[in-house]
Amino acid sequence: MLFPDYIFESSWEVCNKVGGIYTVLSTRAKTLQDRLKDRTIFIGPDCWGEKTCPYFKEEKKLFSEWKDAAKEDGLSVKVGRWDIPGKPIAILVDFSPFFEKKNEIYAKLWEDYKVDSLHAYGDYDEASMFSYAAAKVVESFYNRVICGSKESEGARVVYHGNEWMTGLGVLYVNKNLPQIGTIFTTHATSIGRSIAGNNKPLYDYLFAYNGDQMSGELNVQSKHSIEKQTAHFVDCFTTVSDITANECKELLDKPVDFVLPNGFDNSFVPKGATFTKKRKLARERLLKVANALLGTDLDDDTLIVSTSGRYEFRNKGVDVYIEAMNRLLRDKNLNKNVLAFIEVPGWVGEPRPDLIERLNSEKKFDTPLEVPEITHWLHNMTQDNVLGMLKHLDMHNRKDDKVKLIFLPCYLTGDDGIINMTYYDVVLGNDLCIYPSYYEPWGYTPLEAVAFKVPCITTDLAGFGLWANSVKGGYSEIDDGVKVIHRTDYNYSEVADMIKETVSQYSNFSAEEIKKSRDNADKLSKLALWSNFIKYYEQAYDMALRKAEERMKK
């Protein structure tokens, strides 16, 4: 199999932590870096300007000659290292100068590939200009560094773009640098996500939907167009799970060449005594915050559960999670108090001063604060979906409720003002994590949970859930480390009941049963390490390079 000498990989989430693709790339980087030694180069957007990017360490001497040459090519770049395991080279490019050429760039794209940018709005322009700038970086670096070096003569080069946001650049490289093999990975189709997010049934009718027609109806024509045309013209088209592969075939009219499941790098999961200590600290903090907010005295025997991810109320199953917790309130078999968190970033205003005051006090409080369901004030308290559903279900964390539900509406970066711990330091404090997604191409959150030995609940509409079932050879249960619930377009109520019953069942587990479930979660996560999954990428690299070689022979 052919393997590249250089890999350029671009994404809006390189050195820019806004979603799951950051995790895909940042955990895979070390595996590639070990193999290619600084010849894997990530390209991300310079959205930071004069501010310091917290995920990037600039190195002025790195490719300093090329940086000067890049200026002549009309590029303004910062070169350094992505501050993640493996410390790969990253180039951040300022894409703002290309806005003035936007119409010209879009006209050429229509001419070459029939991409419709006429209906562009929102983030389409910004993503496309970044994508174009990233491709220009590859062109400049290829022509001036790779072709200008004797050691790199005849080097095999791959350009890999992630999501529709990189499509324009992938097509540019395809057209202008035919000797480079191109790979495009869609982590979720823009039209599939829109259908699901607009409360339309996605799965039962998938065979009947016309992607082009639906993109007009849901006003995502330009995103759909760039994604579809890139899928059709790229050397190797990939996605992250069988469930999304089916979506691509039906909605983009293009079967994927390979499924590249998302792996994990567990080098930052603490071991032994450090793990035990961190778990204890996380539980202490979560219970302290809950007791201060609720005026309760919940102890370490409390079952701590959570859901997290993007604030996609239906797609991520936040609605069914709340419904399940509401039903759990009346479950006669529940054997412990349950403290349930929703850790999704809302339109956060500020950490609550009254809660901070209590957290800084030595006193114990026996009365709840006003609105004891939330840790931070929001800008849209009256229109927020989580708070609205809690109000509708009359869930107000009353003193005698065995289930208390708290909304933590911010990114857990360690400085939110209330929890003040990072997400990975918080997640290992849970007893169970619950991710009942309706639309989830892969599902990093359950994979992260099991890597920290936290058993979880997910669904078979998530790529990870399907993978867990394939490992088991049937439906995975909570004592296997992951409970996979069957979910369809219409069985919301049954899913809520299954979550409720699984949490109730877990609350009755003996210490031995809990240990077995936690050990199985840990074992399963080890099967999903990048060292096991990188072989799928090798197939994609091989295909892209062979297509590029064929092209050059013509």
Side-chain angles (χ1 to χ4, degrees), residues 20 22-24 26-28 31 85 240-241 243 261-272 274-276 278-279 282-283 286 303-309 316-317 321 340-341 343 412 422-437 440-485 487 498-499 502-503 505-506 509 511-534:
Y22 182 95
T23 313
V24 181
S26 63
T27 58
R28 176 164 37 82
T31 306
V240 296
S241 66
I243 204 161
N262 289 329
F264 198 65
D265 168 42
N266 66 353
S267 60
F268 52 83
V269 176
K271 310 276 186 292
T274 312
F275 182 95
T276 309
K278 284 197 161 209
R279 178 165 162 77
R283 292 181 69 78
L286 291 168
L303 198 69
I304 300 178
V305 304
S306 73
T307 193
S308 56
K316 297 292 183 192
Y321 173 81
F341 285 95
E343 296 157 4
L412 293 174
T422 65
Y423 178 71
Y424 285 147
D425 283 339
V426 167
V427 76
L428 82 177
N430 284 276
D431 294 297
L432 276 179
C433 287
I434 303 170
Y435 310 105
S437 301
E440 188 72 83
W442 175 248
Y444 251 115
T445 42
L447 177 48
E448 287 166 337
V450 295
F452 284 94
K453 301 184 187 172
V454 180
C456 70
I457 302 170
T458 186
T459 74
D460 58 2
L461 291 183
F464 175 79
L466 285 178
W467 175 77
N469 281 349
S470 74
V471 171
K472 167 92 185 267
Y475 271 82
S476 185
E477 296 295 339
I478 197 65
D479 49 3
D480 299 313
V482 177
K483 165 75 175 174
V484 181
I485 295 172
R487 186 157 192 196
M498 285 301 294
I499 296 167
T502 307
V503 176
Q505 176 195 351
Y506 198 82
F509 269 16
E512 199 178 303
E513 287 171 315
I514 288 169
K515 184 179 185 309
K516 181 187 170 194
S517 182
R518 288 176 64 83
D519 287 348
N520 284 340
D522 184 35
K523 278 179 202 154
L524 184 69
S525 76
K526 299 233 172 23
L527 297 178
L529 291 176
W530 278 117
S531 50
N532 296 322
F533 280 178
I534 203 70

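For reference, positions follow the sequence shown, starting with 1. Because only heavy atoms are used, hydrogens play no part in the values below, and waters and symmetry mates are left out as well, while side chains stay in.
With Asp460 contributing its side chain and Gly465 its backbone, the two residues share no donor-acceptor pair below 3.5 Å. In this structure a side-chain-to-backbone donor-acceptor pair under 3.5 Å is missing from Tyr435 to Ser306. In this structure, the side chain of Asp519 does not engage the main chain of Lys516 through any donor-acceptor pair within 3.5 Å. Although no hydrogens or angles enter the test, the distance criterion places no donor-acceptor pair under 3.5 Å between the side chain of Lys278 and the main chain of Thr276. In this structure, the side chain of Asn520 does not engage the main chain of Ser517 through any donor-acceptor pair within 3.5 Å.
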Should Val450 and Phe464 be marked as a side-chain contact (heavy atoms from CB on, under 4.5 Å) after you check the CA-CA gap, both sets of side-chain angles, and the distance that decides it?
CA-CA 11 Å; Val450 295; Phe464 175 79; 4.2 Å; yes

Under the salt bridge (charged side-chain N to carboxylate O under 4.0 Å, His left out) criterion, do Asp522 and Lys526 qualify, and how do the steps go?
CA-CA 7 Å; Asp522 184 35; Lys526 299 233 172 23; 2.8 Å; yes

Could you go step by step and tell me if Ile304 and Arg283 meet the side-chain contact (heavy atoms from CB on, under 4.5 Å) rule?
CA-CA 8 Å; Ile304 300 178; Arg283 292 181 69 78; 3.8 Å; yes

Could you please spell out the steps behind the side-chain contact (heavy atoms from CB on, under 4.5 Å) verdict for Cys433 and Val427?
CA-CA 8 Å; Cys433 287; Val427 76; 4.0 Å; yes

Check step by step if side-chain contact (heavy atoms from CB on, under 4.5 Å) holds for Phe509 and Leu303.
CA-CA 11 Å; Phe509 269 16; Leu303 198 69; over 6 Å; no

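Taking all atoms of both residues into account, the shortest heavy-atom contact from Pro270 to Leu428 is CG-CD1, 4.0 Å. Across all non-hydrogen atoms, the minimal contact from Thr307 to Pro436 is OG1-CD, 4.4 Å. Of all heavy-atom pairs spanning Cys456 and Ile478, the tightest one is O-CD1, 3.7 Å. Between Val269 and Ala451, the shortest heavy-atom contact is CG1-O, 3.5 Å. Of all the heavy atoms in Val484 and Ala468, the pair that sits closest is CG2-CB, 4.2 Å. The shortest heavy-atom contact between Trp530 and Asp265 is CD1-N, 3.9 Å.
Here the CD-CD distance, from Gln505 to Glu477, works out to 7.5 Å after rounding to the nearest 0.5 Å. The structure places NZ of Lys483 at 12.5 Å from CD1 of Ile434, a figure rounded to the nearest 0.5 Å. Taking OG1 of Thr445 as the start and CD of Glu343 as the end, the distance is 10.5 Å to the nearest 0.5 Å. The OH atom of Tyr424 sits 3.5 Å away from the CD atom of Glu448 when rounded to the nearest 0.5 Å.
Contact annotation: the side chain of Lys453 approaches that of Phe275 to within less than 4.5 Å [non-hydrogen atoms, C-beta and beyond]. A heavy-atom distance below 4.5 Å is not found between the side chains of Asp425 and Phe452. Contact check for Tyr444 versus Val24: side-chain heavy atoms found under the 4.5 Å cut-off. The side-chain heavy atoms of Ser476 and Leu524, taken from C-beta on, include no pair separated by under 4.5 Å. Residues Ile485 and Ile457 are in side-chain contact: their nearest non-hydrogen atoms beyond the backbone lie under 4.5 Å apart. For the pair Thr31/Ser531, no side-chain contact is recorded, criterion being any heavy-atom separation below 4.5 Å from C-beta on. Two residues are said to be in side-chain contact when any heavy atoms from C-beta on lie closer than 4.5 Å; Ile514 and Tyr506 meet this criterion. For the pair Thr23 and Leu447, the minimum side-chain heavy-atom distance is 4.5 Å or more.
Under the 3.5 Å distance criterion, with hydrogens and angles disregarded, no donor-acceptor pair is assigned to the side chains of Trp467 and Ser241.
Between Arg279 and Asp431, at least one side-chain N (NZ, or NE/NH1/NH2) sits under 4.0 Å from a carboxylate O, which counts as a salt bridge.
Residue Lys472 qualifies as enclosed at atom NZ: its count of foreign heavy atoms under 6.0 Å is above 12.
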